[in-house]
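Note on naming: letters A, B, ... go to the chains in the order of the sequence lines (proteins, then strands), and numbering restarts at 1 for each one. Not measured: the values here are computed from a predicted model.
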Amino acid sequence: MIRIAAARRGSFVDDLGSGTAAAGLALCLLLAGGIVLLLVRFGLAPFWPQPVVEYTLRDGRTVLGEVVARRGDAWIVRSDEHARPGDGYLRVREQEIVAERSPPEATVNVHADGRRSYRAGVSDAPAPDVVAAEPRNALTFAGKLAFFAERLRAYAFGGDRPGDPGQGLLPALAGTLTLVLLMSLIVMPIGVAAAVHLHVYAGNGRVGALVRGAVGSLAGVPSIVYGVLGLGLFVHGIGGGIDRWFYAERLPVPTFGTGGLLWAALTLAVLTLPVVVATVEEGLSRIPDTQRLGSLALGATRGETLRALLLPLARPALLSAWILAVARAVGAVAPLMLVGVVKFAPASPIDADFPYLHPSRQFMHLGFAVYDNALTSPDALVGVPRAYSAALLLVVLVLVLNAAAGLVGKRLRDRYRSFPI
Amino acid sequence: MSVSLRAQSALDVAALVQSRHASRRRRERFGRLLAALGAATVVASVLAIPVFLLFELLSPGAVPDGTFGRLGVLLTGTLRASLLAVLVAFPVGLAAAIHLVCFSTPQQRSRWRPALDLLAAIPTVVLGLIALTWLAPWLQSRIATLLVMTAAVLAAMLGVSVWLGARLRAHPVHRLWVMFGVAALVGACVAAWDPLAGTVEVSSPWNGVLVGLALGVAAVPLICSIAADALQAAWDRHVDAAVALGASRWQALRSLVLPAAGTGLGAAALLAFGRCAGETMILLMASGNMPVASADPREGLRSLSAELALSLPGAERGGALWRTLLLATLILFVLSWACNLAAGRLRARAFS
């Protein structure tokens with residue numbers, strides 16, 4: 001009651017103050033929504049069919065193609081490509097254009113090697129290597145939508161045509177997933193053991209304080225420092241040692257002594273260790289004490305209580321810890337740049353050859369694909385849309401994981417709220 | 001369901017009691033050993049970082065001349081970027097935290113939290129991409145426009161807040177939606193009008209302002225969540241007394257809650273500073289990576305973390321560059337660790 005009365009009380013200064021506070025939160029919400037919208041907009045734009053336009057220039061030439069960007073006072077037009085994909089970009093300055101039309105029967109021919117060629121009409125016989133002819137300007141809205149859905153399906157499930165923005169993202173996604181799965185296999189047993197030690201054995205004594213301090217310190221270490229540790233200790237130290245002992249005949253060509261999947265997974269495991277320990281320990285401490293005491297009173301040892309009672313009850317916490325660790329690992333790109341991520345891996349780390357998983361191989365990664373396409377791609381007109389597509393995929397992955405962790409955590413909390421204690 | 005679960009557990013345990021004693025003791029010891037091993041791994045991984053760095057740096061071999069000058073430039077870059085980011089993020093995060101704690105109901109809070117979680121979950125490489133390809137070309141000639149936009153949006157919001165006064169006071173949801181609309185509208189108007197394009201000269205499109213904004217966005221959720229924790233504790237302690245004495249929410253906040261939560265807010269800023277100092281992808285993509293020793297936010301910069309990501313893959317192990325970069329790593333580690341430790345101490349004091 002008192003608080004409700006206070007809410008209605010107030011003056012000019014109150015309105016200014018609470019208005020500023022609301023402004024801050026409104027800005028946060030705008031940022032979150034804006035970033036997601038921006039990613040959806042730029043990430044999906046390459047899949048939407050662009051109309052084919054024909055410009056007539058002042059000197060009498062005509063340019064047929066699709067507008068891809070604007071630079072200053074000029075349009076960048078993707079036009080016929082003759083030798084390889086990406087060699088047909090033209091810069092058309094606005095003051096040179098005397099007429100513009102979109103020929104209703106214009107088609108885009110996609111060649112087998114990824115090149116595009118543009119025809120104003122359907123009359124000419126298509127070249128033998130044309131794999132698809134798209135009548136872009138004749139599409140109705142529903143037709144455009146179908147085109148968009150088809151390209152998106154090809155992007156998500158493979159079957160991309162050469163030159164599409166999704167090219168190379170599937171191996172990157174596969175590399176990312178292999179990496180985080182291998183990392184989970186390493187981090188989960190260690191993290192759960194440490195959390196159990198903290199909760200069941202160490203308590204609040206000196207050892208507990210030491211381990212808790214260590215977890216806190218680990219959480220504050222910058223991710224790039226983990227990368228340096230991975231490079232110096234795992235790659236050069238352990239990997240170099242393995243090479244000297246087991247692969248001496250191949251030296252100086254390194255087998256494990258260079259960046260690879262295993263070392264990246266180990267590095268990410270150290271990086272995500274604090275997340276796992278903290279989440280599992282919290283889950284264990286949420287279990288009502290009566291459960292544990294009852295078990296102990298019946299004569300069970302601490303280990304038996306743990307195995308038969310606490311760990312099964314804390315299963316949602318384990319799941320939640322795993323999902324959070326994966327979400328953190330998927331977004332961590334900087335350390336990977338030091339321990340074996342590459343822009344193009346000649347061989348996938350997971351394939352049909354025995355032993356199926358090749359931990360010493362280099363791998364591709366979605367986050368690195370974002371960085372690499374945006375910054376080091378020779379052709380920004382291709383690279384940047386590709387980076388946005390990769391970024392959209394990455395963000396969807398992270399958000400789905402986080403939402404899943406949230407749901408699991410909520411289920412855990414609800415379960416103990418209903419406990420009749 | 002819970003009752004049967006408990007009965008089942010009790011039966012399980014009773015069955016265990018009847019098993020043989022020697023094997024139970026052995027198993028117990030084994031389980032305990034496994035748990036201790038896990039804990040030891042955690043402690044070892046913390047110790048591994050400084051031990052490895054010091055071991056490599058103290059092994060014989062000279063640090064090349066000029067190393068400290070070069071690292072000094074990188075360190076100023078890191079500090080400048082982090083400072084700008086905290087300057088951008090702290091007011092926003094604090095205001096958001098105040099609104100969440102002091103002017104919202106628990107239901108509204110639980111509705112808005114996911115948006116902040118979403119912001120926190122976005123990988124920094126994505127923020128770097130947006131800063132590099134979308135914000136940088138726009139911002140290059142429009143730093144002044146951005147300042148005008150901020151001022152105009154804030155002024156419009158405050159104006160509406162005072163104008164609608166009592167009608168908004170009891171309805172934080174309405175207030176937020178009104179603010180949301182006013183901010184979007186005024187912001188879009190200023191962006192379209194663009195009065196001061198090109199008035200502030202920048203040396204490159206990748207400059208300190210851009211880095212501060214991008215890094216600030218990354219730091220806002222962290223600051224907001226820690227500041228909200230600190231404010232919530234102080235609010236719960238003081239608000240009833242203040243309101244019973246006739247104070248409004250704002251008066252309670254300003255006179256009692258904010259001073260009481262001061263250490264906690266300081267911890268939030270410190271923690272964000274440490275986090276920004278160690279951040280790599282945004283700096284790598286948006287800072288221009290030019291080693292410039294200047295305090296001017298219009299200049300580009302190169303940070304310790306970006307230097308590591310760019311140079312370490314090509315450094316020969318044990319060589320001069322390798323040692324220089326390990327020294328850089330050590331500086332970065334100590335810097336973020338010190339920030340973390342100080343923030344932890346402050347928080348402990350705030351909550352004791």
Side-chain angles (χ1 to χ4, degrees), chain A residues 2 6-10 14-29 31-32 190 193-194 196-197 201 211 214 217-218 220 222 224-225 228-229 232-233 236 270 295 298-301 303-304 308-309 331 333-334 337-338 367 370-371 374 384 387 391 394-395 398 402 419, chain B residues 2 9 12-14 16-17 28 31 34-36 38-39 41-43 45-46 49 52 92 95-96 98-99 103 115-116 118-119 121 123 125-126 129 132-133 157-158 161-162 165 169-170 175-176 179-180 183 217 243-244 248-250 278 280-281 285 305 308-309 312 317 329 332-333 336 340:
Chain A
I2 294 177
R8 300 200 180 277
R9 225 179 273 156
D14 286 68
D15 290 332
L16 280 184
S18 50
T20 318
L25 189 59
L27 187 60
C28 288
L29 301 186
L31 274 175
I190 300 177
V196 161
H197 182 83
Y201 298 109
V211 179
S217 309
L218 268 184
I224 188 83
V225 173
V228 177
L229 182 77
L233 207 60
H236 289 161
V270 184
S295 166
L298 284 170
T301 62
E304 286 159 355
L309 187 68
V333 184
M337 294 169 69
L338 303 182
V370 175
Y371 165 77
V384 171
L394 185 67
V395 166
V398 172
N402 272 298
F419 250 81
Chain B
S2 53
S9 311
D12 283 351
V13 171
L16 284 171
V17 172
E28 174 72 13
L34 278 186
T41 313
V42 174
V43 177
S45 13
V46 178
I49 298 169
F52 161 72
V92 180
I98 287 177
H99 194 271
F103 297 101
L116 288 165
L118 190 155
L119 201 57
V125 67
V126 174
L129 171 73
L132 174 76
T133 58
M157 284 181 172
L158 294 183
S161 188
V162 171
R169 222 168 278 153
R175 186 196 293 280
L176 196 78
M179 291 300 162
F180 205 76
V217 172
V243 167
S248 67
R249 285 189 194 202
W250 175 253
T280 310
M281 293 318 288
M285 296 174 85
S305 52
L308 287 175
L312 202 55
R317 189 181 177 215
T329 315
L332 201 56
F333 176 73
S336 57
N340 240 27

Considering all heavy atoms of both residues, which atom of [X] and which atom of [Y] are nearest to each other, and what is their separation?
| X | Y | result |
| --- | --- | --- |
| A:C28 | B:A96 | SG-CB, 3.8 Å |
| A:S217 | B:V46 | CB-CG1, 4.1 Å |
| B:A39 | A:V211 | CB-CG2, 4.0 Å |
| A:L29 | B:A115 | CD2-CB, 3.3 Å |
| B:M179 | A:A26 | CB-CB, 4.0 Å |
| B:I98 | A:A21 | CG2-CB, 3.8 Å |

Find the one option among B:L34, B:T133, B:T41, B:L116 whose heavy-atom pairs under 4.5 Å with chain A are most numerous.
->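 Most pairs with chain A among the choices: B:T133.
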
Top contributor to chain A interface from B:A183, B:G31, B:A121 [non-hydrogen pairs under 4.5 Å] |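 Looking at each of B:A183, B:G31, B:A121 in turn, B:A121 comes out on top.
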
Roughly how far, to the nearest 0.5 Å, is [atom2] of [Y] from [atom1] of [X]?
| X | Y | atom1 | atom2 | result |
| --- | --- | --- | --- | --- |
| A:L16 | B:M157 | CG | CE | 13.5 Å |
| B:L312 | A:M337 | CG | CE | 11.0 Å |
| B:N340 | A:L218 | CG | CG | 10.5 Å |
| A:I224 | B:T329 | CD1 | OG1 | 8.0 Å |
| B:H99 | A:T20 | NE2 | OG1 | 10.5 Å |

Against chain B, label [X] side chain, backbone, both or neither, depending on which of its atoms sit under 4.5 Å from a heavy atom there.
| X | answer |
| --- | --- |
| A:L27 | side chain |
| A:V228 | both |
| A:V225 | both |

With B:F180, which residues qualify under ring pair (Phe, Tyr, Trp, His ring centres under 6.0 Å), at least two apart?
->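 For B:F180, the residues satisfying ring pair (Phe, Tyr, Trp, His ring centres under 6.0 Å) (neighbours in sequence not counted) are B:W177.
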
Engaged part of [X] at the chain A interface, taking heavy atoms whose separation is under 4.5 Å:
| X | value |
| --- | --- |
| B:M285 | both |
| B:L132 | side chain |
| B:L308 | both |

Can you check side chain to side chain contact (heavy atoms under 4.5 Å, CB included) on A:N402 and B:L118, steps first, answer last?
-> CA-CA 8 Å; A:N402 272 298; B:L118 190 155; over 6 Å; no

Among A:A387, A:G232, A:S18, which has the most heavy-atom pairs under 4.5 Å with chain B?
->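 Top option by heavy-atom pairs under 4.5 Å: A:S18.
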
Would you mind telling me which of A:A374, A:G19, A:G331, A:A391 has the largest number of heavy-atom pairs within less than 4.5 Å of chain B?
->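 The residue among A:A374, A:G19, A:G331, A:A391 with the greatest pair count is A:G19.
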
Non-hydrogen side-chain atoms of A:P222 and B:T280 separated by less than 4.5 Å =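 No, every pair of side-chain atoms sits at 4.5 Å or beyond.
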
